[in-house]
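Data first, discussion second: the structure below is written as structure tokens.
Quantities reported herein were computed from a predicted structural model and do not represent experimental measurements. One is the number of the first residue; the rest follow in order along the sequence.
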Amino acid sequence: MTAARGQNGTEDEPEPEHERAAGGVVPAARGQVEPEPVHAQAEAGAEAVDIPPATPRPRNPADAANSGVPGPGVAEIVAQAVARGMEEAGAPDLAKAAAPHRGTSVTEVPVHLPFRADAADSAAAATATARPAPARTYRPARPAPGRRVPQGDDRLREHRGPVLPGWVGVAVGGLALAGCTAVLWRAGIVPAPLVAAFGAAPRAYRGLHAVHWPPLAFLGVVALVALGGLGRARTGHAWVLTLFGRYRGTVRRTGLTWVSPLLLRRRVDVRLRHWRSDPMPAVDSDGLALQVVVQVVWQVKDTARATLAVADHTAYLAEQVESAMARVLSQLPADAFHDDAPTLRDAEAVGDALTRMLAAETEAVGIEVYSAQPTRIEYAPEVAEAMRRRRVAAIDAKHRDAVLTSVVDAVDDTVHRLTSRGLVELDDYERKALVKDLTVAFCTGRTE
């Protein structure tokens with residue numbers, strides 16, 4: 001192969017054989033030759049341009065090893081292209097030399113390939129971009145609970161109402177009456193004996209004129225308001241005050257008090273009270289009919305809610321007791337004849353569960369429940385006789401099991417003591433006979 005001549009007139013050194021062999025096929029850089037028509041080959045032969053080969057440079061074994069492509073690595077190809085451009089004289093010749101031959105296809109080399117340090121980051125970014133978003137799993141909405149605890153109105157809470165001591169109303173009312181009497185005395189309307197009893201000089205009757213009516217009306221209204229607002233508050237009771245249907249406060253003061261007569265008063269019992277129910281029907285977890293009596297100890301804590309949040313808080317409490325009792329008793333059996341499972345006979349546990357449930361239900365109406373205890377749990381009349389026989393049978397079976405256990409323990413202890421102390425030496429036949437005789441003796445003694 002003849003050496004090509006460059007534009008500067010000098011002859012370039014011939015390309016070594018191993019370079020020509022290695023550079024014979026460079027995919028993705030020098031292009032892949034495709035077959036072209038005959039007329040295209042003629043034109044290519046007429047217009048062929050002699051392109052000087054690039055100056056050979058030593059290859060980097062690491063690049064060739066990492067490229068995964070036979071022949072020079074990508075970094076070496078780029079370095080040869082840059083060196084060839086620097087050796088050429090002008091930009092037009094460089095553009096002409098860089099132009100591809102006819103019938104060849106050129107593939108662009110990505111920018112990130114020569115810079116292997118950034119290749120991993122670019123590949124990771126591309127993978128993250130191309131990765132499809134995870135499909136959203138459909139989670140069905142959690143259904144709301146079927147039974148919710150009633151919530152009270154936060155705006156309706158007990159607070160202190162307008163109240164004054166009773167002596168204030170008495171004093172104001174007395175002064176107003178005294179003023180009315182003085183006006184009538186000046187008009188001469190007060191009888192002379194009454195005036196003489198107070199040590200005043202009687203006045204001649206002159207009649208009520210226009211100047212007398214305004215002070216009489218004012219003082220009369222003051223006397224009515226002062227004396228009409230007096231009331232006697234008893235211990236253990238409170239007054240709930242409302243004005244035109246709006247809650248104005250609660251009076252827990254005792255004794256003689258004065259409250260505006262324009263306010264409507266409702267007396268509420270705030271003492272500690274207990275309520276004993278009649279036998280109420282219920283069922284246990286086995287579906288057996290029961291008759292239950294419950295005793296509840298309670299007290300009104302929020303008089304505003306107890307009076308205005310419900311029509312009758314006492315009737316509301318009675319209904320909630322029956323409802324809560326039905327829910328609590330349906331979770332356990334009345335009796336477990338052959339198991340040591342929890343039953344409704346555990347009055348402490350049943351009472352605690354009933355108290356917690358009832359306290360949560362009645363908090364919205366201002367009632368505080370201290371204790372809700374079932375005092376009697378019995379079977380309904382239609383199943384009472386059958387359950388009584390079942391209970392007797394269970395008690396008898398438990399008694400026989402206890403007797404048998406004690407007899408077996410006594411026989412085993414007796415035989416063990418006799419043999420361990422060396423009192424007797426027994427073979428299998430004699431041991432069985434001794435065990436049989438002792439068992440009969442102990443069972444006979446137990447039954448008697």
Side-chain angles (χ1 to χ4, degrees), residues 145-150 272-299 314-363 367-413 439-440 442-448:
R147 184 184 62 84
R148 296 181 297 173
V149 177
L272 189 65
R273 304 163 67 181
H274 73 279
W275 176 77
R276 184 184 180 89
S277 69
D278 296 330
M280 296 182 293
V283 294
D284 63 355
S285 60
D286 295 333
L288 298 175
L290 303 174
Q291 294 287 338
V292 185
V293 177
V294 181
Q295 182 173 349
V296 183
V297 179
W298 61 284
Q299 185 180 20
T314 306
Y316 178 84
L317 175 63
E319 297 293 338
Q320 290 300 323
V321 167
E322 186 174 359
S323 175
M325 182 200 63
R327 292 198 299 269
V328 172
L329 267 62
S330 62
Q331 298 176 5
L332 296 174
D335 292 293
F337 298 104
H338 302 288
D339 300 327
D340 293 335
T343 64
L344 297 179
R345 302 304 173 182
D346 188 357
E348 188 71 19
V350 174
D352 291 344
L354 185 59
T355 301
R356 289 193 300 269
M357 187 174 295
L358 194 59
E361 295 287 345
T362 58
E363 184 180 2
I367 295 177
E368 184 173 1
V369 177
Y370 295 100
S371 172
Q373 191 72 25
T375 58
R376 189 175 65 192
I377 300 178
E378 296 179 351
Y379 289 102
E382 58 270 19
V383 297
E385 184 63 24
M387 299 310 297
R388 186 187 69 81
R389 291 195 300 267
R390 186 178 178 184
R391 184 182 303 172
V392 170
I395 294 174
D396 182 63
K398 187 178 294 185
H399 174 69
R400 284 189 280 105
D401 181 72
V403 170
L404 182 60
T405 302
S406 62
V407 168
V408 171
D409 292 341
V411 171
D412 179 70
D413 183 64
T439 303
V440 172
F442 286 153
C443 289
T444 305
R446 295 278 183 172
T447 54
E448 292 177 357

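For residues 317-337, the pairs satisfying side chain to side chain donor-acceptor pair (under 3.5 Å) are Ser323-Arg327, Arg327-Glu361, Asp335-Arg345, Asp335-Tyr379, Asp335-Arg391, with sequence neighbours left out. Within the structure, the salt bridge (charged side-chain N to carboxylate O under 4.0 Å, His left out) test picks out no pair touching residues 276-292 (sequence neighbours left out). The salt bridge (charged side-chain N to carboxylate O under 4.0 Å, His left out) contacts involving residues 370-379 comprise Arg376-Glu378, where partners must be two or more places apart or lie in separate chains.
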Does the pair Gln299 and Ile367 meet the rule for a side-chain contact (heavy atoms from CB on, under 4.5 Å), with working shown?
CA-CA 6 Å; Gln299 185 180 20; Ile367 295 177; over 6 Å; no
List the steps, then state whether side-chain contact (heavy atoms from CB on, under 4.5 Å) holds for Val350 with Leu344.
CA-CA 7 Å; Val350 174; Leu344 297 179; 4.1 Å; yes
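Between atom CG of residue Leu358 and atom CD of residue Glu368 there is a gap of 12.0 Å, rounded to the nearest 0.5 Å. Distance check, rounded to the nearest 0.5 Å: NE2 of His274 to CD of Gln295 gives 5.5 Å. One distance of note links OG1 of Thr355 with OH of Tyr370; it measures 12.5 Å at 0.5 Å rounding.
Scanning all heavy atoms of the two residues, the minimum distance from Pro281 to Gln291 falls at N-OE1, 4.2 Å. Of all heavy-atom pairs between Val292 and Pro374, the closest is CG1-CB, 4.2 Å. Across all non-hydrogen atoms, the minimal contact from Gln373 to Glu348 is NE2-N, 4.1 Å. Looking at every heavy atom in both residues, Ser285 comes nearest to Pro333 through OG-N, 3.0 Å.
Between Pro279 and the options Val294, Val293, Leu290, a side-chain contact (heavy atoms from CB on, under 4.5 Å) holds for only Val293.
Ser371 places no side-chain N or O within donor-acceptor distance of the main-chain N or O of Val297, the cut-off being under 3.5 Å.
Side-chain contact check for Leu317 versus Trp298: some heavy-atom pair is nearer than 4.5 Å. For the pair Val283/Leu329, no side-chain contact is recorded, criterion being any heavy-atom separation below 4.5 Å from C-beta on. Contact check for Thr314 versus Arg273: side-chain heavy atoms found under the 4.5 Å cut-off.
Contacts of Val408 classified as side chain to side chain contact (heavy atoms under 4.5 Å, CB included), with partners at least two apart in sequence or in another chain: Leu404. With sequence neighbours left out, the side chain to side chain contact (heavy atoms under 4.5 Å, CB included) criterion links Ala289 to Ala380, Glu382. Not counting sequence neighbours, the partners of Glu385 by the salt bridge (Lys or Arg N to Asp or Glu O under 4.0 Å) test are Arg388, Arg389.
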